[in-house]
Amino acid sequence: MKIGIDFDNTIADYTGVFYNVALDLGWIPKETGNSKPAVKYYFIQQNQETRWTQLQGIVYGKEIHHARPYPHSLEVLKLLKEQGHTLFLVSHKTRYPIIGDKVNFHNAATEWLSNNGFINSTDAPLELERLFFNETLKKKVRKIRELQCDAFIDDLQKIFNHTEYPHECKAILFDPLTKEKNSNTAACWADISNLLC
């Protein structure tokens, strides 16, 4: 089976990272919620969406090392590889931030994957030549189609709703906050492993 996996908020967990970085910069008050949506909401309420865009550039660039792999993501991907599945990482990620320091997001994500054991080690589940960072969402969906993935794991429903998403590719929505139990939604990586069986 060819399995595609998203990167941000699917493998890489940014819980608390946006809050901590923004707090360190003095951009938000301490009482702002520590989730990414809470931080984003604060900036929108303050009419500071440009600063939110800048914060994303900082977090996805030079501060990406604060992100942690979702629990069991590495183990599940290793198991899938051992079972003979072909794994692809397919991400929608611009190369550089819209504003702020010109940090290469693709290089930062690749380095994160290496530092956390997903590539560049003897038992790593992913291979460098099977990492695909796409500048637009449309290019990401087209890459999923081009690779002929049998299943794709993503935290964004809009990927699966895209008009060009291949209907024959099983959609697995990764949502750690979900209360639903169905054949297409996973609350954790252990669920993903079960849904692919």
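Treat the numbers as computed from the prediction; the structure is a model and nothing was measured.
Atom CD1 of Ile11 and atom CG of Asn116 lie 10.0 Å apart (nearest 0.5 Å). Here the straight-line distance linking atom OG1 of Thr50 with atom CG of Leu55 works out to 12.5 Å at 0.5 Å rounding. Between the CD1 atom in Ile153 and the CG atom in Asp191 there is a gap of 11.5 Å [rounded to 0.5 Å]. The CZ atom of Phe118 sits 9.0 Å away from atom NZ of Lys78, with the distance rounded to the nearest 0.5 Å. Atom-to-atom distance recorded for Asp8:CG and Leu156:CG is 9.5 Å, nearest 0.5 angstrom. Put simply, CD on Gln48 and CD1 on Ile28 are 11.0 Å apart, with the number rounded to the nearest 0.5 Å.
Between Asp154 and Lys140, at least one side-chain nitrogen of the basic residue sits less than 4.0 Å from a carboxylate oxygen of the acidic one, meeting the salt-bridge criterion. One finds a salt bridge joining Arg142 and Glu164 here, because a Lys/Arg side-chain nitrogen approaches an Asp/Glu carboxylate oxygen to under 4.0 Å.
In terms of modelled atom types and a separation under 3.5 Å, the side chain of Lys81 and the main chain of Ala124 share a donor-acceptor contact. Although no hydrogens or angles enter the test, the distance criterion places no donor-acceptor pair under 3.5 Å between the side chain of Thr185 and the main chain of Asn182. Proximity of a side-chain donor or acceptor of Asp13 to a complementary backbone N or O of Pro69 within less than 3.5 Å is not detected. Between the side chain of Trp189 and the main chain of Thr10, a donor-acceptor pair closer than 3.5 Å is present. Judged by distance alone, with hydrogens and angles left aside, the side-chain atoms of Asn134 form no donor-acceptor pair with the main-chain N or O of His92 at under 3.5 Å. For the pair Ser73 (side chain) and Tyr70 (backbone), a donor-acceptor distance under 3.5 Å is present. Between the side chain of Trp112 and the main chain of Ala67, a donor-acceptor pair closer than 3.5 Å is present.
Hydrophobic clustering (ILVMFWY, side-chain heavy atoms < 4.5 Å, transitive): Leu196 and Ile144 are in distinct clusters. Hydrophobic clustering (ILVMFWY, side-chain heavy atoms < 4.5 Å, transitive): Ile192 and Leu113 are in one cluster. Transitive grouping of hydrophobic side chains (ILVMFWY, heavy atoms separated by less than 4.5 Å) brings Ile64 and Leu128 into a common cluster. Val59 and Leu25 end up in the same hydrophobic cluster when Ile, Leu, Val, Met, Phe, Trp and Tyr side chains are linked at under 4.5 Å. Leu89 and Phe160 fall into different hydrophobic clusters, defined by Ile, Leu, Val, Met, Phe, Trp and Tyr side-chain heavy atoms under 4.5 Å apart, directly or through other members.
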Discussion item. Run the side chain to side chain contact (heavy atoms under 4.5 Å, CB included) test on Leu173 and Asn184 for me, step by step, so that the C-alpha distance in whole Å, both residues' side-chain angles and the decisive distance to 0.1 Å come before the verdict.
Written reply: CA-CA 6 Å; Leu173 180 67; Asn184 293 96; 5.9 Å; no
Item to complete: Report the C-alpha distance between Val90 and Leu147 in whole Å, list the side-chain angles of each, state the deciding distance to 0.1 Å, and finish with yes or no for side chain to side chain contact (heavy atoms under 4.5 Å, CB included).
Response: CA-CA 10 Å; Val90 187; Leu147 293 169; 3.8 Å; yes
Item to complete: Assess whether side chain to side chain contact (heavy atoms under 4.5 Å, CB included) is satisfied between Glu49 and Phe43, documenting all intermediate values.
Response: CA-CA 6 Å; Glu49 289 186 60; Phe43 286 120; 5.8 Å; no
Worksheet item: side chain to side chain contact (heavy atoms under 4.5 Å, CB included) between Asp155 and Asp175: does it pass, once the steps are laid out?
Response: CA-CA 6 Å; Asp155 68 300; Asp175 181 4; over 6 Å; no
Fill in: Derivation of the salt bridge (Lys or Arg N to Asp or Glu O under 4.0 Å) call for Lys143 and Glu146
CA-CA 5 Å; Lys143 180 56 71 173; Glu146 179 189 313; 2.9 Å; yes
Worksheet item: Where do Asp150 and Lys170 land on the salt bridge (Lys or Arg N to Asp or Glu O under 4.0 Å) test, with the steps shown first?
Response: CA-CA 6 Å; Asp150 299 298; Lys170 181 178 172 108; over 6 Å; no
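Residues Ala186 and Ile172 come closest through the heavy atom pair CB-CG2, 4.3 Å. Here the closest non-hydrogen pair linking Thr178 and Ala187 is CG2-CB, 3.6 Å. Between Ser121 and Gly117 the shortest heavy-atom distance is OG-O, 3.9 Å.
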For residues 97-106, which side-chain donor-acceptor pairs fall under 3.5 Å, sequence neighbours excluded?
residue : atom : partner : partner atom : Å
Asn104  : OD1  : His106  : N            : 2.9
Asn104  : OD1  : Asn107  : N            : 3.0
His106  : NE2  : Lys93   : O            : 2.7
His106  : NE2  : Thr94   : O            : 3.4

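Checking each of Tyr60, Tyr19, Phe7 against Tyr14 for a ring pair (Phe, Tyr, Trp, His ring centres under 6.0 Å) leaves exactly one that passes, namely Tyr60.
For Glu135, the CD atom counts as densely surrounded, since its 6.0 Å shell holds more than 12 non-hydrogen atoms of other residues, nucleotides or ligands. Atom CG of Asn47 sits in a sparse spot, with 12 or fewer heavy atoms from other residues, nucleotides or ligands closer than 6.0 Å.
When side chains are defined from C-beta on, Trp27 does not count as touching Val21, because their heavy atoms never get closer than 4.5 Å. The shortest distance between side-chain heavy atoms of Ile3 and Leu80 falls below 4.5 Å. Considering only heavy atoms from C-beta on, His162 comes within 4.5 Å of Leu137 through its side chain.
The aromatic ring centroids of Phe18 and Trp52 lie less than 6.0 Å from each other.
Figure legend: cation-pi geometry between Arg130 and Phe88, with NZ or CZ positioned under 6.0 Å from the six-membered ring centre and within 45° of its axis.
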